[in-house]
Each structure stands twice: as C-alpha cells, then as structure tokens.
Student: 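Supplied in structure tokens, the structure appears directly below.
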Amino acid sequence: TRQLRRLGASPDWARQRFTMDEGLSLAVRKVFVDLHREGLIYRDKRLVNWDPMLHTAISDLEVDQREIKGTMWYFRYPVEGGSSITIATTRPETMLGDTAVAVHPDDDRYKSLVGKFAILPIADRRIPIVADTYSDPEKGTGAVKITPGHDFNDFEVGRRHDLPLINIFDENAHLNENAPAPYRGLDRFKARERVVAEMESLGLLEKVEAIQMTLPYGDRSGAVIEPWLTDQWYVDAAKLAVPAIQAVEQGRTRFVPENWANTYFEWMRNIRPWCISRQIWWGHQIPAWYGPDGHVFVAMREEEAQGDAAKHYGTAVSLTRDPDVLDTWFSSGLWPFSTLGWPERTPELKRYYPTDVLVTGFDIIFFWVARMMMLGLHFMHEVPFRTVYIHALVRDEKGQKMSKSKGNIIDPVALIDEYGADALRFTLAALASPGRDIKLSPARVEGNRNFATKLWNAARFCQMNGCVPKAGFDPAKCEATVNRWIVSELANLGAEVTAALENYRFDEAANHLYRFVWGSFCDWYLEIIKPVLLSNQGPREETQSTAAWVLDQTLHLLHPFMPFITEELWEKLAHARATRLISAEWPAPGQGLVDVHASAEMNWLVRAVSEIRAVRAEMNIPPVAQLALIIKDANSVTAARVETHREILTKLARLSGIEFNDKPPPKGALQVVVDEATFILPVAGILDVAGERDRLAKEIARLKGEIERFDKKLGNESFVAKAPPEVVEEQREKRNEAARAAAKLGEALTRLAAM
RNA sequence: GGGCGCUUAGCUCAGCGGGAGAGCACUGCUUUCACACGGCAGGGGUCGUAGGUUCAAUCCCUACAGCGCCCACCA
C-alpha cells in the first residue's frame with residue numbers, strides 16, 4: 001500500500017478490503033456451501049502434494065519443479081522360482097512401500113514373469129509382477145516398482161490392479177510403523193542411504209547412475225514435496241472450467257496481449273481437481289462439521305450444522321468442526337463480487353460487475369485469473385472482467401527475475417526517493433512493450449527524471465513570459481504559422497496518445513509524449529517564439545495563449561504517466577481552475593486543427609536551420625561568427641517563407657543578414673542545398689577550402705550512390721510494372737530530388753575549384 | 001516431452017514488406033537571459049545463420065544455432 005501510494009496510484013482507497021473481512025468471510029462460506037450442495041466440492045482420500053515441513057497439503061500450482069543432479073539406483077528383486085527382475089529408481093526408500101512390479105504387457109523380456117511374485121528385499125514381502133501399459137520398455141529396465149502410497153502414477157496403477165496401498169511415512173516424511181523395525185523414525189533421506197547400503201550388502205544393488213532429474217519443491221517452504229495419502233477437500237475444477245474456457249473462446253473476456261489466452265486455455269483444458277484444504281492456522285476455516293461417526297455436515301453456521309445433525313441422528317450430538325482452512329486463492333477467486341457485497345444484491349454489485357479491466361502478471365493467470373473466471377461465471381453468470389491486461393514482469397538489469405532469496409530486488413521506493421515517482425512511472429510505461437519483460441535500470445529512470453525536469457523548466461519559461469490559459473481561446477483561430485503548426489502537432493499527439501492508450505500500448509503513448517515535449521515543443525516551438533514573447537511586436541498575445549493552451553493539453557495527456565508534476569504545473573499555470581487535473585475531462589483536440597500547410601512550412605524552416613547549423617559545425621565556423629546568407633535560385637514559396645521567418649531564421653542559424661541573389665556567389669563560401677534553393681554562406685577569411693571541397697565531394701558521392709540505387713530500381717521493368725504506382729512515383733520523386741541536389745552541389749564544387 | 005517468446009548501434013530496447021530508429025553511453029563545440037538533469041553537431045549497425053516467397057525482405061515462410069520463460073507423473 002505504501003508503495004502504491006508513493007507511486008501515485010489512484011484507487012478508491014475508501015473501499016480497501018481484506019479477504020478476512022466479515023463480509024468476505026460470509027461470501028466464502030456461502031460459496032463453499034453452495035458448491036458442496038451442487039457436488040462441486042467434495043472430500044476425498046487420495047495422494048496430495050504434502051509439505052513435510054509446513055505439514056500441509058498444497059495445490060499443484062504451489063509445487064515448484066526444479067532440475068537437480070540426482071542418482072538412479074538399479075535394484076534386483078528376487079523372483080519366486082529362482083530368477084530375478086531389476087528395477088530402476090531414484091527413490092530407494094520408497095521400496096519399503098512397494099506392492100508390485102509392473103512390466104509392459106508386450107515386453108517379451110518379461111512376459112514369462114508376469115503373474116509370478118517377487119520377494120521384496122528388506123521388507124520381505126511377496127509382491128506380484130503385473131502387466132500394465134504404464135510401464136515403458138524404453139525407460140530404466142522396462143520393469144518399474146509400484147509404490148501406490150507414494151507416487152501419483154503408481155497410485156493409478158495400484159487402483160487398476162487392486163494393489164494394497166502401504167503408507168510408510170508420517171507427516172514429517174519420517175518412516176512410520178509400516179516400515180521394518182530398524183527403519184522406523186528415520187528421515188526419508190537417511191532411510192534412503194540405509195536402503196542403498198543394505199541392498200548393496202545383500203548383493204542386490206546392480207548399478208548406480210548419475211542423472212539429471214526434476215524434483216518437486218514447496219514454493220513457500222522449499223522442502224521436497226512428498227506425495228502423501230490424506231483426506232482433503234477438492235473442487236471439481238474441470239466442471240467449472242468449461243464455461244470459463246468458453247468465455248475466452250467467445251471473446252467475452254479478452255487477453256491483452258492475446259497470446260496469453262493460449263496459456264490460459266492450455267491450463268484450463270487440462271485442469272485437475274483443486275485441493276483447497278490447508279492444514280495451517282491462518283485462513284478461512286472450512287464450514288464443515290463432523291458427527292461422532294465421522295458423518296460430515298456442511299453449513300453456513302454451526303447452528304445449522306447442529307440442526308442437520310439432529311435430523312440425521314434423530315438426536316442432538318456434539319459436532320467437531322473441521323480444523324482445516326481454505327487455500328487463500330479460494331477466497332481471492334471471489335474478489336470481483338465478494339468485495340461488492342455479494343451475496344447481497346447491492347447497488348455496487350449491479351454497477352461494477354462485470355468489471356472492465358484486470359491488470360496482472362502472467363504468473364497469476366492460473367492462481368487467480370482462472371479462479372476468478374470459474375467462480376465469477378458460476379455465481380454471477382457473467383465474466384468478472386472484459387479484458388485481462390497481462391503486464392510485463394520487471395526484472396533486474398541482468399534480466400534476472402527479482403526475488404528475495406536472490407537479493408536482487410529493486411525497491412521502487414528507493415528509486416522514487418532518488419528520481420521521483422513520475423520518472424519511475426514514465427520509465428515503466430515506456431518500457432512496457434507487449435510480450436516482453438522489463439529490465440529496469442536506474443540509468444533509464446534517470447533519463448526520464450531529466451525529462452520531468454525539462455518539462456518543469458519549459459513550464460517555468462511559459463509562466464515567466466505571461467503564457468496563461470485564456471478563457472474562450474480557440475486554437476483553430478490562430479493566425480501565426482508557428483502557432484498553427486504547434487496546434488497541429490498537439491492535435492496529432494492527442495490522437496496518437498489516445499489511440500495508444502486504447503490499445504494498451506503505454507510504451508507508444510509515452511514515446512510520443514517524450515518526443516513531442518522535448519523535440520517539437522521545447523527544441524523548436526519555444527525557441528522560435530522567444531523573440532515574439534520577448535518583444536512587444538508580432539502576435540504576442542496569440543502566442544502566449546497558444547503556448548499556454550498547448551502546455552495545458554500536454555500536461556493533461558501526460559498526466560496518467562506523470563501525475564505529480566503535471567498536477568502541480570497545471571495548478572501553477574492558472575489560478576482558479578474548475579477542477580483538479582486528475583478529474584478533468586480527457587482532451588480530444590479535433591483533427592480539424594491540423595494544418596498541413598503550416599506543417600510543411602515549419603518543416604522547411606527546421607530543415608533550413610539544421611542544414612546551416614550542420615555545415616557550420618562541420619566546417620568549424622566559430623559559434624559566435626554571424627554569417628551572411630545569400631539564397632540563390634529560390635522560388636516564390638521559399639521567398640515568402642524566408643520573409644515570414646526572416647527574424648527567427650537569422651537568430652537560430654546565427655546569421656548577420658539574408659539576401660536573395662541568383663548571381664554567382666562570392667569566392668570562399670559554404671554552400672548547402674535546401675529544396676530548390678542553394679544557401680550560400682560567405683566565409684572568405686576563415687574558409688578551409690580543402691575541407692569544404694572534401695565535404696562537397698563526399699556529399700555528392702553519397703547522393704550519386706542514392707541516385708544509382710533509384711535508377712537501378714526504376715530501370716527494373718518488373719518493379720515499374722508490379723509495384724503500386726504511388727510507390728513508383730515516390731521513388732521517382734526522391735530520385736529527382738537527389739539528382740537536383742547533386743547537380744547544385746556539383747556547381748558549387750566547380751565554383752570552389754575555380755578559385 | 002509440449003508450448004510461448006527473444007536474437008536490430010557499446011548497453012537497454014522500439015520498429016517492420018518499399019532508402020535502418022530511440023534512450024543511455026561515446027566524440028567535438030557550447031557555461032547566449034527556461035533548463036549543463038541543458039543546447040548544437042556528430043561517429044557507430046552486412047537488423048543471429050542458411051535457404052525460400054516477392055518487382056522489393058530487418059520485416060513473411062522454412063530449417064538451423066544461441067538465449068529465456070511457462071507447463072508436464074519420464075521409474
């Protein structure tokens with residue numbers, strides 16, 4: 001909770017709930033009772049995953065299969081009548097509970113032995129040799145020991161052949177009284193050593209092999225899990241899964257990204273009975289009571305159970321409540337409706353069920369999502385949520401999953417302390433491309449902290465220059481090109497960000513915002529309007545209002561990512577807002593605000609400035625030197641643009657003046673091509689002639705290479721014939737553009753050489 | 001064993017049928033009145049390998065190699 005608050009999560013904190021709340025407990029009991037009555041919850045004696053350390057059963061999902069280096073032992077069991085049969089095992093101690101040896105019915109090696117009896121060494125027990133297809137001739141020796149009490153497969157085999165079931169472990173996985181006397185009380189691993197040693201001394205240990213194998217561990221205790229025979233409560237998950245599968249198949253609930261639906265289907269279609277009872281003290285106690293003879297009464301309250309028992313026995317009896325509690329995921333699975341007051345038909349339930357979006361990690365799909373789907377559909381007859389957004393998992397810089405035991409946890413609060421919650425949020429959003437985990441590095445967060453600082457300074461600049469949101473301001477009515485342009489850019493940004501959010505592409509939304517704020521708004525717009533703001537000339541008022549409006553909209557679009565700084569700036573930017581930013585209506589600047597002419601004009605200006613800056617930097621012209629600009633071969637559009645932006649072009653490109661002149665340029669000048677015009681910058685005194693010649697030659701060579709590629713493509717008949725006409729046309733235009741630039745630079749080079 | 005995903009600039013990752021992008025790092029210049037957590041300019045990639053489809057492949061298909069994850073009862 002503290003982390004969530006620091007991150008700026010904005011839930012309805014007043015509705016915080018805890019699964020052990022009275023209301024939720026009632027829902028849990030009702031669900032249990034109802035499912036029991038419907039036969040979907042039942043009690044059964046079978047093998048469970050037993051945690052010998054925590055002394056409780058756990059579900060399949062809480063078992064962690066780990067790859068380890070293990071050992072395979074080959075034991076020879078004597079067979080009555082003189083021969084013997086060899087089995088392989090990784091768990092020698094369980095042989096004390098063997099009640100058969102199984103071979104494949106078609107395995108010729110062992111056909112003659114089927115029906116005979118082996119003598120189980122140490123335990124000295126007569127056990128049958130049975131034929132069962134479970135036995136795989138390819139594995140081990142083709143003969144497999146059967147321990148129905150301590151192996152899930154063997155349990156099934158035992159059932160098929162009506163084999164006795166011997167439990168040799170107690171709750172600590174120590175050997176019990178069913179083991180031969182010397183073994184009683186031994187830990188399973190100690191017993192293993194002893195069995196191996198004894199078999200060896202009996203001359204019955206045939207071979208020992210080192211192998212790779214997997215072992216089940218309890219995900220909480222880390223203890224090796226033991227299949228153990230106990231009474232437990234089960235949910236018939238297979239039945240509940242049917243509608244839950246259909247709901248996703250039919251798209252009533254959608255996974256984002258959608259390939260997680262496969263994971264969900266895979267598990268749901270192979271789901272096994274869900275063991276829900278736990279022998280721990282913390283949790284919802286199971287509402288079941290036992291009579292003196294063990295008869296079970298399931299009821300909402302003890303009085304009801306007493307009543308049922310009295311009816312059953314014909315007299316009042318004393319009942320004992322089942323001490324077990326429920327798997328926490330059982331109560332969590334009710335969350336979407338139990339928190340809304342169910343089983344009461346509350347207004348909240350009506351209003352909020354089904355919910356819109358569940359946001360969670362993929363590792364929770366089985367534990368929680370699947371259970372909510374099953375229980376929600378069963379009790380509410382409607383999916384619990386329309387969309388399941390599976391977010392990326394945050395890993396450390398090396399891509400390792402963060403875990404307490406590895407000690408590589410990145411504490412979000414520490415990052416927030418250093419860089420701010422906004423920077424962290426923005427970083428996580430920007431890195432959250434679908435289907436990929438996030439490797440979180442502080443450098444990345446730092447970069448976005450800088451972004452927040454940039455935004456802050458930009459806002460400060462606006463404020464210092466009287467950019468205040470103006471009531472009744474209509475961005476469509478802007479007249480200055482630069483204002484029309486930034487309004488266009490903002491309108492595009494709004495559409496892009498909204499679309500990205502609707503598609504759950506938080507990364508795209510964040511990147512659009514970053515580029516707009518830093519690139520379009522700060523680097524260009526603010527720089528361009530500085531002269532206007534700092535003087536009393538020009539469209540000062542319009543510019544102030546426009547800047548304020550754009551900043552306002554930007555803060556809003558950025559708010560989900562950076563709630564703190566945007567809220568702060570929003571309130572600072574204007575007094576007496578009608579609402580706080582977080583509850584203001586999401587902006588939807590219309591596409592009618594987009595002015596393609598303004599965009600084209602500003603693109604030209606940006607290109608012109610950039611070209612001049614680049615050549616200056618490359619030719620080492622001192623930044624303080626102001627150069628004259630002579631524009632040659634300009635058409636009327638360019639001429640008009642120059643007039644409009646003369647002042648800003650002069651400033652940004654550090655020019656002393658601009659003139660149009662189509663005559664040959666003076667000696668010693670830098671030359672660049674912008675569209676149809678050649679920009680000439682006389683630098684007679686400081687020109688590095690050889691350097692400029694090289695630069696021009698290199699640029700011409702590059703263009704020639706391009707032209708060659710285009711010509712090759714355009715000369716290809718099948719390209720011209722089969723490619724879409726607009727593509728062909730586009731290539732042709734680009735080719736001509738390159739050719740034009742090359743020609744002009746060629747002239748420039750000639751002039752230079754003539755000096 | 002089954003399934004999913006990844007392989008693009010030094011690092012972390014976008015992109016995706018028509019001339020390779022971002023952030024960080026790096027190089028040069030720049031302390032000009034929003035911001036040095038800044039500005040300007042720049043270097044750097046045969047887009048894992050080999051085939052195929054196509055006028056055109058980093059992008060689609062197939063195989064292979066390497067890496068990661070999930071599921072599974074391999075004695």
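Below, chain A is the first sequence line, B the second, and so on; all start at residue 1.
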Student: Parallel, tilted or perpendicular: which fits the ring planes of A/W260 and A/F362, with parallel below 30° and perpendicular above 60°?
Tutor: parallel
Student: Would you say the side chain of A/V196 lies within less than 4.5 Å of the side chain of A/W73, judging by non-hydrogen atoms?
Tutor: yes
Student: What is the separation between atom CG on A/D64 and atom P on B/rC69, rounded to the nearest whole Å?
Tutor: 12 Å
Student: Taking atom C1' in both B/rU8 and B/rA14, what distance in whole Å separates the two?
Tutor: 10 Å
Student: So what does A/D507 touch, heavy atoms closer than 4.0 Å: a base, only the sugar-phosphate, or nothing?
Tutor: nothing
Student: Expressed as a whole number of Å, how far does the C1' atom of B/rG68 sit from that of B/rA50?
Tutor: 24 Å
Student: On the nucleotide B/rA34, are OP1 or OP2 found under 4.0 Å from the side-chain N or O atoms that A/K530 carries?
Tutor: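 True: A/K530 side-chain N/O within range (under 4.0 Å) of B/rA34 OP1/OP2.
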Student: Using the closest heavy atom to pick a nucleotide of RNA chain B for each, name whichever of A/F719 or A/N620 lands nearer the 5' end.
Tutor: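 Result of the comparison: A/N620.
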Student: Under 4.0 Å between any heavy atoms, over every strand shown, what does A/R449 touch: base, sugar-phosphate, or nothing? Just pick one.
Tutor: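 The residue A/R449 makes base contact.
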Student: Go through B/rC29, B/rC73, B/rC35 for me and flag the one nearest to the A/P623 side chain.
Tutor: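 Looking only at side-chain atoms, A/P623 lies closest to B/rC29.
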Student: How are the rings of A/F451 and A/W518 set to each other: parallel, tilted or perpendicular (split at 30° and 60°)?
Tutor: parallel
Student: Counting only distance, no hydrogens or angles, is the base of B/rC37 paired donor-acceptor with the side chain of A/T453 under 3.5 Å?
Tutor: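 Yes, a donor-acceptor pair under 3.5 Å.
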Student: I want to check one thing: is the phosphate of B/rC29, taken as OP1 and OP2, less than 4.0 Å away from some side-chain N or O of A/R616?
Tutor: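 No.
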Student: How do A/S718 and A/N465 order along RNA chain B: which one's closest nucleotide is nearer the 5' end?
Tutor: A/N465
Student: Taking the side chain as every heavy atom from C-beta outward, state whether A/E266 and A/R269 have any atom pair closer than 4.5 Å.
Tutor: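 No; the side chains remain at least 4.5 Å from each other.
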Student: From CG of A/L526 over to P of B/rC40, roughly how many Å is that when rounded to an integer?
Tutor: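 Nearest whole value for this atom pair: 12 Å.
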Student: Where the side chain of A/T89 is defined as all heavy atoms beyond and including C-beta, which of B/rA75, B/rA14, B/rC55 is the nearest nucleotide?
Tutor: B/rA75
Student: Categorize A/C462 for me: base, sugar-phosphate, or nothing, with a 4.0 angstrom heavy-atom threshold over every strand shown.
Tutor: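 Nothing, no heavy atom under 4.0 Å.
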Student: Would you mind classifying the nucleic acid contact of A/E527 as base, sugar-phosphate or nothing, using non-hydrogen atoms under 4.0 angstrom?
Tutor: base
Student: Report yes or no: do A/T650 and A/E647 form a side-chain donor-acceptor pair below 3.5 Å?
Tutor: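 A/E647 and A/T650 do not have a side-chain donor-acceptor pair below 3.5 Å.
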Student: Would you tell me if any nitrogen or oxygen in the side chain of A/R436 comes within less than 4.0 Å of OP1 or OP2 on B/rU7?
Tutor: yes
Student: On a whole-Å scale, what distance lies between the C1' atoms belonging to B/rU27 and B/rA9?
Tutor: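 Roughly 15 Å separates the two C1' atoms.
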Student: Rounded to whole angstrom, note down the C1' distance from B/rG17 over to B/rC71.
Tutor: 35 Å
Student: Looking for any heavy atom pair under 4.0 Å, which part of the strands does A/P724 touch: base, sugar-phosphate only, or nothing?
Tutor: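 Base: the residue A/P724, judged by heavy atoms under 4.0 Å, touches a nucleobase.
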Student: I need the OH-C1' distance between A/Y134 and B/rC74, as an integer number of Å.
Tutor: 7 Å
Student: Given the C1' atoms of B/rA25 and B/rC11, what is the spacing between them in whole Å?
Tutor: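 Pairwise C1' distance, B/rA25 against B/rC11, rounds to 7 Å.
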Student: Using whole Å, report how far OH of A/Y525 lies from P of B/rC35.
Tutor: 19 Å
Student: Relative to the ring of A/Y504, is the ring of A/F506 parallel (under 30°), tilted (30 to 60°) or perpendicular (over 60°)?
Tutor: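 Judged by the thresholds at 30° and 60°, the geometry between A/F506 and A/Y504 is perpendicular.
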Student: Assign A/A458 to base, sugar-phosphate, or nothing according to its heavy-atom contacts below 4.0 angstrom with the strands shown.
Tutor: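 The residue A/A458 makes base contact.
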Student: Does a nitrogen or oxygen in the side chain of A/S433 sit under 4.0 Å from OP1 or OP2 of B/rA14?
Tutor: yes
Student: Are side-chain heavy atoms of A/V369 and A/T360 found at a separation under 4.5 Å?
Tutor: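 Result yes, sub-4.5 Å side-chain heavy-atom pair found.
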Student: I'd like to compare against my own output: the B/S/- annotation of nucleotides 19-26 of chain B with a strict under-4.0 Å heavy-atom distance to protein.
Tutor: B---B---
Student: May I ask you to check if A/R160 and A/Y134 form a cation-pi contact, with NZ or CZ under 6.0 angstrom from the six-membered ring centre and within 45° of the axis?
Tutor: no
Student: Main chain of A/I168, side chain of A/H150: is a donor-acceptor contact present, judged purely on distance under 3.5 Å?
Tutor: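 Checked: pair present.
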Student: When you look at A/K439 and A/S441, which way does the side chain to side chain donor-acceptor pair (under 3.5 Å) test go after all the steps?
Tutor: CA-CA 6 Å; A/K439 287 184 202 166; A/S441 81; over 6 Å; no
Student: Looking across every strand, which nucleic acid part, if any, lies under 4.0 Å from A/R269 by heavy atom: base, sugar-phosphate, or nothing?
Tutor: nothing
Student: Of all of residues 204-213 of chain A, which get a heavy atom below 4.0 angstrom from RNA chain B, listed by number?
Tutor: none
Student: Can you measure A/R695 atom CZ to B/rG42 atom P for me and round it to whole angstrom units?
Tutor: 11 Å
Student: At under 4.0 Å between heavy atoms, what does A/N153 touch on the DNA or RNA strands: base, sugar-phosphate, or nothing?
Tutor: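 The residue A/N153 makes base contact.
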Student: Return the value, rounded to whole Å, for the distance between atom CD of A/E67 and atom P of B/rA72.
Tutor: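 From A/E67 CD to B/rA72 P: 15 Å.
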Student: Report yes if at least one side-chain N or O of A/K454 is closer than 4.0 Å to OP1 or OP2 of B/rC37; otherwise report no.
Tutor: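 Answer no for this pair, as no side-chain N or O of A/K454 is under 4.0 Å from OP1 or OP2.
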Student: Could you tell me how far B/rU54 sits from B/rC13 if I compare only their P atoms? Round to whole Å.
Tutor: 36 Å
Student: Please report the distance, rounded to the nearest Å, between CD in A/E62 and C1' in B/rC70.
Tutor: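 After rounding, the gap between these two atoms is 17 Å.
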Student: Once you round it to whole Å, what is the distance between C1' of B/rG5 and CD of A/E266?
Tutor: 16 Å
Student: Go through the N and O atoms of the side chain of A/E611 and the base of B/rA41, and report whether any donor-acceptor pair is under 3.5 Å.
Tutor: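 Side chain to base: no pair present.
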Student: Please report the distance separating the P of B/rC4 from the corresponding atom of B/rC40, rounded so that it comes out in whole Å.
Tutor: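 Those two atoms are separated by 46 Å.
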Student: Please state the P separation for the pair B/rU62 and B/rG3 - nearest whole angstrom.
Tutor: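 Here B/rU62 and B/rG3 have their P atoms 13 Å from each other.
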Student: Is the closest side-chain heavy-atom distance between A/F152 and A/E156 below 4.5 Å?
Tutor: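 Contact flag for A/F152/A/E156 side chains = no.
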Student: Taking the six-membered ring for Trp, are A/W50 and A/W228 parallel (under 30°), tilted (30 to 60°) or perpendicular (over 60°)?
Tutor: tilted
Student: Using both pair distances under 3.5 Å as the test, note the stems of at least 3 consecutive Watson-Crick or G-U pairs that include RNA chain B.
Tutor: B:1-7 with B:65-71, B:10-13 with B:21-24, B:26-30 with B:38-42, B:48-52 with B:60-64
